[in-house]
Student: 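Sharing a structure here in structure tokens format.
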There are 2 protein chains.
Amino acid sequence: MGYQLELRHFNYFLAVAEELHFRRAAEKLFISQPGLSRQIKQMEEILEVKLFVRTKKKVSLTAAGEYLKSEIEFILNHLEVTKKQLRHIRDGNFGEVRIGFLGSAMQEVIPNLLIELKERFPGIQTNLEELSNNAQVNAILKDKLDMGFVRVARVPQGLNLQPVYTDTFSVVLPELYPLLTREFTDVGQLAAENFILFAQDYSPLYFDTVMSICEDAGFTPKVSHKSVHAQTIFKLVENNLGIAIIPTSLQYGFQMKVKFIELKNNPQRAVLSVCWKEDNRNPALRHCINLLLNQSL
Amino acid sequence: MGYQLELRHFNYFLAVAEELHFRRAAEKLFISQPGLSRQIKQMEEILEVKLFVRTKKKVSLTAAGEYLKSEIEFILNHLEVTKKQLRHIRDGNFGEVRIGFLGSAMQEVIPNLLIELKERFPGIQTNLEELSNNAQVNAILKDKLDMGFVRVARVPQGLNLQPVYTDTFSVVLPELYPLLTREFTDVGQLAAENFILFAQDYSPLYFDTVMSICEDAGFTPKVSHKSVHAQTIFKLVENNLGIAIIPTSLQYGFQMKVKFIELKNNPQRAVLSVCWKEDNRNPALRHCINLLLNQSL
DNA sequence: ACACCTAATAACTATGGGTTATCAATTGGA
DNA sequence: TCCAATTGATAACCCATAGTTATTAGGTGT
């Protein structure tokens with residue numbers, strides 16, 4: 001009766017919610033199955049809510065259980081982050097910022113941010129992870145990342161989005177492609193070529209924007225290859241397997257037999273934005289965001 | 001050693017952090033002072049961080065303790081909110097109902113349901129999808145839909161079916177068709193016309209019912225066109241490509257050069273039923289069904 | 001009818017949270 | 001300077017309960 005919810009319950013609950021099987025979950029937790037059953041039952045009594053439906057032979061989550069699962073994941077994750085921050089504070093550091101990014105952000109924006117950070121807040125640790133747009137947004141929602149560098153038009157409720165870097169697009173051609181930069185007038189000249197693009201589900205906004213560039217030139221591109229790495233795209237172009245359209249700043253840092261023609265006159269721009277959760281309580285994040293938004297003016 | 005952080009620690013910690021006095025904090029928690037001291041000490045060992053500075057005669061928070069206090073307040077508060085939400089979900093006030101429907105249900109039944117739902121259970125989200133009878137029944141069997149608005153005579157084992165709206169049929173004629181409403185006696189007058197009907201596999205019951213209306217009038221209709229959209233049917237009638245027989249309530253909401261003659265005296269009725277899976281446990285669904293069956297009496 | 005799963009129940013064990021009693025250290029008056 | 005008062009920490013004990021083993025009851029598939 002006078003029982004109290006404890007973190008132990010959370011871990012037990014998660015194990016069962018993941019395995020949907022009491023014995024296996026108990027094994028994973030290194031406790032016995034009856035003990036686990038009893039704790040889950042107790043948890044349901046404390047919360048006064050059925051969390052699992054047990055038919056002999058199958059266990060499944062109720063709607064409430066489903067909800068609780070995501071909340072507990074959030075809380076336990078938050079707790080882990082807090083523990084880490086505590087150590088940082090004890091050691092006199094200011095904390096850690098976990099940053100997600102698209103490969104293309106590594107050219108300019110991230111190096112600048114890291115240099116500035118190191119100078120102004122030497123105590124802030126950074127933790128970098130290359131992820132797709134979608135993976136970043138999801139990770140930020142779940143507080144697995146503090147901020148992400150993405151190319152998206154909009155983000156779900158609760159997230160902030162601020163442009164930090166705007167870029168023209170460039171056409172990527174094999175070095176020996178028979179078209180000189182000065183002969184180039186518009187993308188329509190390339191309508192017959194095969195196009196190599198970043199995968200649509202890696203960056204829908206990029207994909208749509210490239211499509212609109214082609215549409216403006218009056219054709220629909222034949223897309224022969226898709227990739228998620230600039231390196232791969234350049235390699236394919238180098239080997240005459242097609243041509244590409246990419247954000248201009250991506251051209252730097254590679255050693256390839258390709259040439260670039262910047263689409264200066266096209267109105268489309270590749271916008272890199274920083275994304276973070278409105279109610280993120282990581283104090284180090286604030287410093288990062290401020291740095292980014294001020295320096296980019 | 002192998003100790004584990006628990007929510008109990010959080011409450012104890014908060015009490016001490018607020019009182020800055022072990023004995024008073026212990027009183028507030030209805031436990032003894034030594035017990036509290038030991039738990040706090042244990043907590044510091046688990047986290048490997050000093051949280052309080054105890055000089056005899058004064059207790060104060062360390063920087064880490066200060067930070068932890070705000071984080072714990074956040075977590076405990078979040079937990080309270082979550083508990084409250086759980087109850088709501090259990091009671092069916094939250095969650096989502098996935099509803100399938102025939103176009104003809106959009107005239108009356110669905111708008112009414114949505115209005116009522118919004119009023120009585122504002123937390124329930126709905127997800128609407130227009131599908132054929134068959135597609136709905138299959139989706140419900142596979143738990144892809146919670147409920148569907150269908151026109152069928154029977155449903156497979158395990159599904160429930162309840163009429164929610166009963167309707168006469170109406171003949172649809174081109175606006176300038178040479179037959180005035182008051183001259184109309186029965187469908188037999190139209191035996192020579194081409195008929196435009198909803199596709200048989202879209203709604204077998206509808207199809208059979210229309211056939212029986214014609215049979216009763218002593219003829220078998222020539223069916224020239226079939227469609228799944230009322231809009232299309234009206235358009236075809238408007239252009240003198242045939243006449244139609246439809247559930248009466250479908251006539252509302254369109255702007256077409258057609259006229260309707262209600263078959264008041266025919267015994268056939270177009271019955272719209274709601275269909276759902278017997279063992280569907282979505283609590284929000286129960287509310288929907290109850291609402292529907294009570295209001296439709 | 002059978003073996004073989006499942007989760008729940010029952011009865012027991014023992015960890016560790018909470019207890020009381022006490023100590024050591026600090027403070028403040030007389 | 002000494003004593004009373006008050007602080008949090010220690011020590012030793014107790015018992016509530018998390019976790020144990022053994023078993024049962026209910027399903028499923030052959």
Side-chain angles (χ1 to χ4, degrees), chain A residues 1-62 64-65 68-69 72 76, chain B residues 1-62 64-65 68-69 72 157-158 278-279 281:
Chain A
M1 317 297 105
Y3 288 77
Q4 200 62 31
L5 205 58
E6 289 296 351
L7 290 180
R8 164 174 36 88
H9 292 114
F10 290 1
N11 288 308
Y12 291 180
F13 171 81
L14 270 197
V16 179
E18 277 160 19
E19 295 291 332
L20 293 177
H21 196 287
F22 277 77
R23 188 179 50 73
R24 278 204 299 279
E27 270 169 25
K28 206 163 99 176
L29 294 164
F30 303 106
I31 64 171
S32 66
Q33 172 265 313
L36 179 59
S37 281
R38 215 160 57 113
Q39 287 297 309
I40 297 289
K41 189 183 171 193
Q42 196 186 80
M43 191 172 174
E44 292 179 320
E45 279 164 5
I46 295 168
L47 293 170
E48 301 176 310
V49 175
K50 269 255 163 299
L51 300 173
F52 293 100
V53 182
R54 298 91 148 157
T55 65
K56 304 273 169 187
K57 217 68 190 174
K58 204 158 90 210
V59 174
S60 56
L61 282 162
T62 62
L68 185 62
K69 181 178 178 228
I72 285 186
L76 291 185
Chain B
M1 333 282 105
Y3 288 76
Q4 199 63 31
L5 204 59
E6 289 295 353
L7 290 180
R8 161 174 36 87
H9 292 117
F10 291 0
N11 289 309
Y12 291 181
F13 171 84
L14 271 196
V16 179
E18 276 161 19
E19 294 291 332
L20 293 176
H21 196 287
F22 277 75
R23 187 180 50 73
R24 278 204 299 277
E27 270 169 23
K28 206 163 99 176
L29 294 165
F30 303 107
I31 63 170
S32 67
Q33 172 266 314
L36 178 58
S37 282
R38 212 155 63 114
Q39 288 295 311
I40 296 290
K41 190 184 171 191
Q42 196 186 81
M43 192 174 176
E44 292 178 320
E45 280 164 5
I46 295 169
L47 294 170
E48 301 175 312
V49 175
K50 270 254 162 302
L51 299 173
F52 294 101
V53 182
R54 297 88 148 159
T55 64
K56 300 278 167 186
K57 218 66 192 179
K58 205 160 86 207
V59 173
S60 58
L61 281 162
T62 62
L68 185 62
K69 181 178 178 224
I72 285 185
Q157 186 85 94
E278 238 159 45
D279 63 1
R281 300 195 324 282

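This is a predicted model, so every value here is computed, not measured.
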Student: For the pair made of CZ in B/Arg8 and P in D/dA16, what is the distance, rounded to whole Å?
Tutor: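 Result: 16 Å.
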Student: Could you tell me how far apart B/Leu20 (CG) and D/dG8 (P) are, to the nearest whole angstrom?
Tutor: 10 Å
Student: Rounded to the nearest Å, what distance is computed from the CZ atom of residue B/Arg54 to the P atom of nucleotide C/dC23?
Tutor: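 Rounded to whole Å, this separation is 22 Å.
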Student: Below 4.5 Å, heavy atoms only, C-beta onward: do A/Val16 and A/Met43 meet side chain to side chain?
Tutor: no
Student: Between B/Gln33 and D/dT6, is there a contact of a side-chain N or O with OP1 or OP2 at under 4.0 Å?
Tutor: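 Negative; the distance criterion is not met.
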Student: Specify the separation, in whole Å, of atom CG of B/Asn11 and atom P of C/dG18.
Tutor: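 Whole-Å distance recorded here is 11 Å.
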Student: Can you measure B/Lys41 atom NZ to C/dG18 atom P for me and round it to whole angstrom units?
Tutor: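 It is 16 Å, rounded to the nearest whole Å.
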Student: Between B/Gln42 and C/dG17, is there a side-chain N or O to OP1/OP2 distance below 4.0 Å?
Tutor: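 Indeed, a polar side-chain atom of B/Gln42 lies that close.
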Student: Does a distance-only test, which skips hydrogens and angles, find a donor-acceptor pair under 3.5 Å between the side chain of A/Gln39 and the base of D/dA18?
Tutor: no
Student: Does A/Glu6 reach a base, just sugar-phosphate, or nothing at all? Heavy atoms under 4.0 Å.
Tutor: nothing
Student: How would you label the contact of B/Tyr12 with the nucleic acid (heavy atoms, under 4.0 Å): base, sugar-phosphate, or nothing?
Tutor: sugar-phosphate
Student: Look at the side chain of A/Phe22 and decide which nucleotide, out of D/dG19, D/dT7, C/dA7, has an atom nearest to it.
Tutor: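 So the nucleotide nearest the side chain must be C/dA7.
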Student: Does A/Arg23 have a side-chain nitrogen or oxygen under 4.0 Å from the phosphate oxygens OP1 or OP2 of C/dT6?
Tutor: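 Affirmative; the distance criterion is met.
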Student: Is the backbone N or O of A/His9 less than 3.5 Å from a side-chain atom of A/Gln39, with the two atoms forming a donor-acceptor pair by type?
Tutor: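 No; zero donor-acceptor contacts below 3.5 Å.
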Student: Tell me: NE2 of A/His9 to C1' of D/dA18, nearest whole Å?
Tutor: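 Distance, rounded to whole Å: 9 Å.
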Student: By the 4.0 Å heavy-atom rule, please label A/Arg38 as base, sugar-phosphate, or nothing.
Tutor: base
Student: To the nearest angstrom, how far is B/Phe30 atom CZ from C/dG17 atom C1'?
Tutor: 18 Å
Student: Between A/Phe52 and A/Phe13, how do the two ring planes meet: parallel, tilted or perpendicular, split at 30° and 60°?
Tutor: tilted
Student: Would you mind reporting whether A/Leu5 and A/Leu47 have side-chain heavy atoms less than 4.5 Å apart?
Tutor: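 Yes, close enough: below the 4.5 Å cut-off.
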Student: Is there a side-chain polar atom (N or O) of B/Ser32 under 4.0 Å from OP1 or OP2 of C/dT20?
Tutor: no
Student: Please report the distance, rounded to the nearest Å, between CG in A/Leu29 and P in D/dA18.
Tutor: 15 Å
Student: Could you please name the option among C/dA7, D/dT20, D/dG8 that lies closest to any side-chain atom of A/Val59?
Tutor: C/dA7
Student: How about A/Leu7 and A/Leu76: do any of their side-chain heavy atoms sit closer than 4.5 Å?
Tutor: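 Of all side-chain heavy-atom pairs linking A/Leu76 with A/Leu7, at least one is under 4.5 Å.
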